[in-house]
Amino acid sequence: MSFRTIIPFGPQHPVFPEPIQLKLAVEDEKVVEAIPGLGYVHRGLEKGAELNDYVKNIYLAERVCGICSFIHSWTYCSCIETLLQVEVPPRAEFLRLVFSELSRVHSHLLWLGLYADAFGFESLFMQCWRVRERSLDMQEAGGGGRVILSTCTIGGMRKDLDEDMRRAFIKEVAEIRRDFQQIMTPFFEDYSIKKRTVGIGVLTKEDAQSLGAVGPVLRASGVAGDTRLLGYGPYREVDFEPVVEAGGDCHSRGKVRVREVLRALDLITQALERLPEGEIKTNFRGKLNGEVFQRMEQPRGEMLYYVKAGSNRSLDRFRIRTPTFANIPPLLKMLPGCDLADVPVIVLSIDPCISCAER
Amino acid sequence: MQMLATVLNNLFKRPVTREYPYRYREPFRSSKGRLVLDMRECIMCTACEKRCPAGAFEIKRKEGLFKFDPYSCVVCGACVEACPKKCLDVDSDWRKPVGEMRTEIWHIEPPAKVKSPAGAETP
Ligand code: SF4
Ligand code: SF4
């Protein structure tokens with residue numbers, strides 16, 4: 001007969017960059033149940049935004065996440081643009097695509113490094129982060145900051161790319177691709193990585209759909225669900241196809257992200273080559289009116305913004321649902337039945353971003 | 001085996017990391033390092049104070065007092081766009097480490113309210 005024990009996993013644990021607690025009910029070495037405990041890093045950003053001027057909120061929205069910050073500011077700006085009925089110039093739209101895909105590249109490379117670290121492949125972790133550094137340099141050269149760019153604004157962009165920079169970017173993207181291709185094979189073929197990830201934390205296609213998984217977790221289970229397919233912004237004008245894998249296990253989730261890095265680099269090149277000429281910002285005025293929902297694809301999956309206009313330049317209600325929040329129920333489905341030693345890899349495989357989830 | 005090219009590269013290339021305090025990477029031209037203020041032209045219009053999302057400015061027009069807290073500033077550049085006199089600018093170099101955090105204070109002559117246009121007669 002086996003005893004049931006409860007093991008607290010987190011909030012402080014080497015695999016967690018951020019605090020979340022999972023209470024794991026284990027029988028011998030097998031996990032039978034997982035109970036999540038959230039709320040360690042709640043910052044009250046939504047309430048803060050409601051008290052703020054709506055233009056200043058761009059900088060607040062950007063700070064929801066420390067990785068995909070550009071996409072947060074894009075989503076927020078696009079909500080306000082809908083409310084104010086502002087047309088965004090095409091050049092600005094394409095620049096937004098470039099920077100949002102750059103944040104996808106650096107987010108996935110960061111995750112691939114952490115993932116390699118979770119199963120003990122330290123050198124791969126360092127190689128991933130070496131390549132990631134180049135994409136951060138691109139962000140700094142083009143946007144002014146390594147992570148927080150503050151370039152997206154209501155009605156367009158605040159910084160343009162000049163012709164030299166555009167060419168340099170195209171060249172740099174090709175080099176990142178070359179560097180990354182050199183180190184990505186182990187994620188597909190390495191024996192020890194396969195041993196730690198194949199068949200671990202399986203999420204079936206049906207479960208993924210019924211539990212509302214988003215992003216790479218959903219796509220690794222064989223569902224071609226990607227918000228970019230809705231064709232918001234310039235995505236309708238570039239060739240884009242979501243990356244789908246069928247396995248549903250940790251290995252597939254890794255493979256989806258590796259292939260998405262290449263896809264994102266491809267999108268950046270396309271956008272830079274087709275970058276239209278013209279203005280990068282339209283001026284806006286008028287009063288906020290009405291309410292709006294906006295969905296966008298982040299590195300971790302679909303994100304949802306709800307903005308309701310209030311009186312006098314403030315918002316009545318501001319609500320964000322981040323992809324990690326949506327991926328917690330699927331995580332709880334993956335954990336039962338696995339070995340205790342596999343828990344770190346499984347938890348990491350949803351790419352948890354706790355500060356985003358709790359805002 | 002799959003990492004062989006990387007391993008060989010690493011053996012024969014220079015390290016990718018820098019010995020930081022001794023070797024310093026020049027900032028990119030458009031990096032947002034810190035905000036620099038040139039208060040000579042300032043007209044105390046408070047446009048920067050109104051736009052700043054971080055509340056880094058404190059301007060008292062009547063007393064001619066202009067306070068700027070560089071450690072609240074998040075270098076977003078909103079004030080640079082707002083300033084009508086181009087007093088503010090973003091420098092690409094980072095702020096150096098300091099031992100003590102100080103608010104920068106200026107005392108500026110408050111501008112005269114309304115200047116009568118040249119040649120206009122006052123009754
Ligand atoms: S750069 Fe931004 S945060 Fe800094 S003082 Fe100007 S408006 Fe405020
Ligand atoms: S916006 Fe410029 S001129 Fe106006 S108060 Fe600020 S620094 Fe002075």
Side-chain angles (χ1 to χ4, degrees), chain A residues 48-49 52-63 73 116 121 123-124 126-131 133-134 136-146 148-153 158-162 164-165 168 178-193 281 313, chain B residues 1-20 23-36 46-57 69 71-84 86 88-95:
Chain A
N52 227 347
D53 182 298
Y54 73 87
V55 181
K56 290 182 186 172
N57 280 346
I58 307 170
Y59 310 108
L60 197 60
E62 224 173 14
R63 284 164 174 78
S73 58
F121 204 151
S123 59
L124 190 56
M126 286 174 205
Q127 296 301 333
C128 286
W129 281 41
R130 172 177 61 88
V131 179
E133 200 57 32
R134 300 187 83 135
L136 288 179
D137 279 353
M138 274 172 79
Q139 294 206 21
E140 191 170 352
R146 278 166 65 86
I148 305 272
L149 304 182
S150 307
T151 48
C152 194
T153 186
R158 288 166 62 194
K159 264 204 180 123
D160 203 355
L161 279 190
D162 55 19
D164 292 342
M165 188 83 93
R178 191 203 58 208
D179 278 6
F180 182 60
Q181 274 168 341
Q182 234 178 43
I183 58 165
M184 71 181 204
T185 337
F187 287 109
F188 293 100
E189 289 169 13
D190 187 75
Y191 171 77
S192 43
I193 295 185
K281 188 172 184 296
R313 297 179 70 88
Chain B
M1 263 308 133
Q2 296 135 0
M3 297 280 280
L4 195 62
T6 320
V7 171
L8 290 176
N9 264 340
N10 288 347
L11 275 179
F12 297 109
K13 267 195 190 158
R14 279 190 306 142
V16 256
T17 47
R18 248 171 262 111
E19 292 159 348
Y20 166 62
R23 278 185 58 215
Y24 178 68
R25 190 200 70 182
E26 285 306 310
F28 292 100
R29 194 160 37 95
S30 61
S31 284
K32 285 183 292 206
R34 65 192 164 133
L35 192 73
V36 284
T46 68
C48 51
E49 189 185 18
K50 285 192 194 113
R51 288 280 209 96
C52 177
F57 294 105
D69 178 8
Y71 304 97
S72 311
C73 171
V74 295
V75 208
C76 63
C79 55
V80 179
E81 285 166 19
C83 180
K86 307 267 165 287
L88 313 168
D89 197 9
V90 171
D91 186 24
S92 62
D93 210 350
W94 301 101
R95 214 179 2 248

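In what follows, every heavy atom counts, from backbone to side chain, and hydrogens, waters and symmetry copies are set aside. Lettering of chains follows the sequences in order, A, B, ..., and the numbering in each one begins at 1.
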Side chain, backbone, both or neither of Arg146(A) within contact of chain B (heavy atoms, under 4.5 Å): neither
Greatest number of non-hydrogen atom pairs under 4.5 angstrom with chain B, of Pro186(A), Ser150(A), Gly143(A), Gly144(A), falls to Gly144(A)
Is the shortest side-chain heavy-atom distance between Glu81(B) and Thr153(A) below 4.5 Å? no
Arg25(B), CZ: over 12 other non-hydrogen atoms inside 6.0 angstrom: yes
Could you pull out the closest heavy-atom pair between Glu140(A) and Ser30(B), with the gap in Å? O-OG, 3.8 Å
Highest number of heavy-atom pairs under 4.5 Å with chain B: which of Lys159(A), Arg63(A), Arg158(A), Gln127(A)? Arg158(A)
Atom pair CD1 (Ile148(A)) and NZ (Lys32(B)), whose distance is rounded to the nearest 0.5 Å: 9.5 Å
Contact part of Gln182(A) toward chain B, heavy-atom cut-off under 4.5 Å: side chain, backbone, both or neither? both
Heavy-atom distances under 4.5 Å only: say whether Glu62(A) touches chain B with side chain, backbone, both or neither. neither
Taking side chain as everything from C-beta outward and backbone as N, CA, C, O, which of these in Val90(B) sits under 4.5 Å from a heavy atom of chain A? Side chain, backbone, both or neither. neither
Identify which part of Asn57(A) has an atom lying under 4.5 Å from any heavy atom of chain B, answering side chain, backbone, both or neither. neither
Cut-off 4.5 Å, heavy atoms of chain B, and the answer for Leu149(A) is backbone
Take atom CZ of Arg178(A) as the centre, draw a 6.0 Å sphere, and report whether it contains more than 12 heavy atoms from other residues, nucleotides or ligands. yes
At a heavy-atom separation under 4.5 Å, does Ala54(B) approach chain A through its side chain, its backbone, both, or neither? neither
